[in-house]
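Values below: all heavy atoms of this structure, side chains included; hydrogens, waters and symmetry mates excluded. Just so we're on the same page: letters track the sequence lines, and every chain starts at 1.
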Amino acid sequence: MKLKRQYLGVITPTAPFNFDATFHKPAHFPSGDNFWQPGERWQTFRWQSKNLGAIFRSVGTTQKPKVTVEIFSQKKLTSDFVESFIKEIVYRYNLNFDLTDFYEEFTKDNILGPVIKRMRGMRPGHQDSLYEYLIIGIVLQNCTVGRSIQMMQTLFDHYGPLLEFNGKRLWCFWEPGILEKVSEEDLRSLKLGYRAKFIKRIDDQFKEGLINEEKLRSQDMQTQMKELLKLYGVGPATVWYLLFDVFHQYDFFNHISPWEEKIYSHVFPVTGDRLIKYFDRFGRYKQLAVHYVWEDLWWQHKKKPISWLAKEIRA
DNA sequence: CATCAGGGCCCTG
DNA sequence: CAGGGCCCTGAT
């Protein structure tokens, strides 16, 4: 499906702003719906039932941030549509986030201080809707990076439209509910294993309109957690990813999966169950603080491989 | 070749 | 609340 450029605009994020660390998270597994190189991010979006391509480019500095956004689609877009889409972009990537308090509180912290210096201006956030992130969360479960990548690509191959814009082809998420006519057996044949049932049921619930992302966003964290845990296939490991990346909650830390613990143990002075207690020192920013440390580690690894980290990442 | 743990979750007892 | 089963993959 070929898309044409329909819009070019400018977004001015709050300062300080780190374009690359915001638009590219090396800790996330790579997927065929985006492309990144320094100063530039390409991303497909399924928004209000339209297939969109977007290219974000940094045209400012850390202190005077400016991002251009090009939007591609098949047909012309109304200004209302563009406005709502941009608003959503600003939310998802946290472009209006105010980091001042966080930096003031922790810039002198032994571990966090140097990280803040290196990652200055990075926003937490993620490009996907709740539905899309649920799919990702499920293909992450109980398997290696390689397998997650493979399952995600197989799903794109079967259900995601392939979009072409500005000379690149990228896969796009499908409309929630599209799996109605797909049987669990069909999904199983894509080597999703027991996850087929989770994906099927979640897609069903979106089709039925039982999940309202907008409404959930406006509710408090405890309510969000309770509601998300009701979803079939969402447990403690998946729910915190969702709360953090989709709902932008930073004041909680209740779960560390085994592989994460191994990595934290290399960075923080305590191990095991004591880690969660240790993170209390980061107060209402505990999840954000750990995100900073985590992403910093992966960025460093990207620049100059860290051998112990390479061992912990099961390729 | 066979066996088994793994970046969870659900369900049962 | 502990523990078995589940899909697949790759390590041993």
Listed pairs under 3.5 Å, donor-acceptor, residues 159-169 of chain A side chains, sequence neighbours left out:
{"unit_1": "A:E164", "atom_1": "OE1", "unit_2": "A:R169", "atom_2": "NE", "d": "3.2"}

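Between the CG atom of A:N142 and the C1' atom of B:dC9 there is a distance of 9 Å, given to the nearest Å. Rounded to whole angstrom, the span from the CZ atom of A:R195 across to the C1' atom of B:dG8 amounts to 8 Å. Atom C1' of nucleotide B:dG8 and atom OH of A:Y241 are separated by 10 Å, given to the nearest angstrom. Residue A:L134 contributes atom CG, which lies 16 Å from atom P of B:dG8 at whole-angstrom precision. Counting to the nearest Å, the P atom of C:dC8 and the CZ atom of A:F198 are 14 Å from each other. Rounded to whole angstrom, the span from the CD1 atom of A:I149 across to the P atom of C:dT9 amounts to 14 Å. As a whole-Å value, the separation of A:L228 CG from B:dC9 C1' is 15 Å. Look at CE on A:M151: it is 13 Å from C1' on C:dC6, rounded to the nearest Å.
Between A:F97 and A:Y250, the ring centre distance stays below 6.0 Å. Centroid-to-centroid, the aromatic rings of A:Y93 and A:F56 come within less than 6.0 Å. Residues A:H24 and A:W299 place their aromatic rings such that the two centres sit under 6.0 Å apart.
Checked against B:dC10, C:dC8, B:dG8, the side chain of A:Q141 finds its nearest nucleotide in B:dG8. For A:K191, the side-chain atoms get nearest to C:dT9 when compared with the rest of B:dC9, B:dG8, C:dT9.
Not one N or O on the side chain of A:Q6 forms a donor-acceptor pair closer than 3.5 Å with the backbone of A:I71.
Mapping A:V234 and A:F29 onto DNA chain B via the closest heavy atom, the residue that lands nearer the 5' end is A:F29. Two residues, A:L140 and A:L229, neighbour DNA chain B, and the one matched to the more 5' nucleotide by heavy-atom proximity is A:L140.
Put simply, the side chain of A:Y232 reaches to within 4.5 Å of the side chain of A:K197, judged on heavy atoms.
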Could I get a table of every N or O pair under 3.5 Å where one atom is in the protein and the other is in nucleotides 1-4 of chain C?
none

Could you list, one pair per line, each protein nitrogen or oxygen that sits under 3.5 Å from a nitrogen or oxygen of nucleotides 11-13 of chain B, together with the distance?
none

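No hydrogens or angles considered: a donor-acceptor pair under 3.5 Å links the side chains of A:R123 and A:T14.
Counting distance only, with no hydrogens placed and no angle test, the side-chain atoms of A:Y194 and the base atoms of B:dG8 include a donor-acceptor pair under 3.5 Å.
Remark: A:T144 is not in phosphate contact with C:dG10, judged by side-chain N or O atoms under 4.0 Å from OP1 or OP2. Contact between the side-chain N/O atoms of A:R147 and the OP1/OP2 oxygens of C:dG10 is not found at any separation under 4.0 Å.
At the heavy-atom level, A:R188 lies under 4.0 Å from the strands shown only through sugar-phosphate atoms. Note on A:T238: only backbone sugar-phosphate atoms sit closer than 4.0 angstrom, heavy atoms only; bases stay farther off. Residue-level contact check: A:I263 touches neither bases nor backbone, having no heavy atom under 4.0 Å from any strand.
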Practice problem: Whenever both distances are under 3.5 Å in a Watson-Crick or G-U wobble pair, mark it; put DNA chain C into dot-bracket that way, with [ ] for crossing pairs and | when the partner is on another strand. | Solution: ||||||.|||||

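Residues passing the side chain to side chain contact (heavy atoms under 4.5 Å, CB included) test with A:K215, sequence neighbours excluded: A:N212, A:Q219.
The ring-ring contact (aromatic ring centres under 6.0 Å, His included) analysis of residues 206-226 of chain A, with sequence neighbours excluded, yields the pairs A:Y131-A:F206.
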Self-check item: Criterion ring-ring contact (aromatic ring centres under 6.0 Å, His included) on A:F173 and A:F156, from CA distance to verdict
Solution: CA-CA 7 Å; A:F173 262 98; A:F156 278 140; 5.2 Å; yes

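A salt bridge links A:R46 and A:E175; the closest N-O separation between the charged side-chain nitrogens and carboxylate oxygens is under 4.0 Å.
Between A:F253 and A:F279, the angle of the ring planes lies from 30° to 60°, which puts this pair in the tilted group.
Tracing side-chain contacts under 4.5 Å through hydrophobic residues (I, L, V, M, F, W, Y), one reaches A:M221 starting from A:I211; they form part of the same cluster.
Between B:dC10 and C:dT9, the distance separating the two C1' atoms is 22 Å to the nearest Å.
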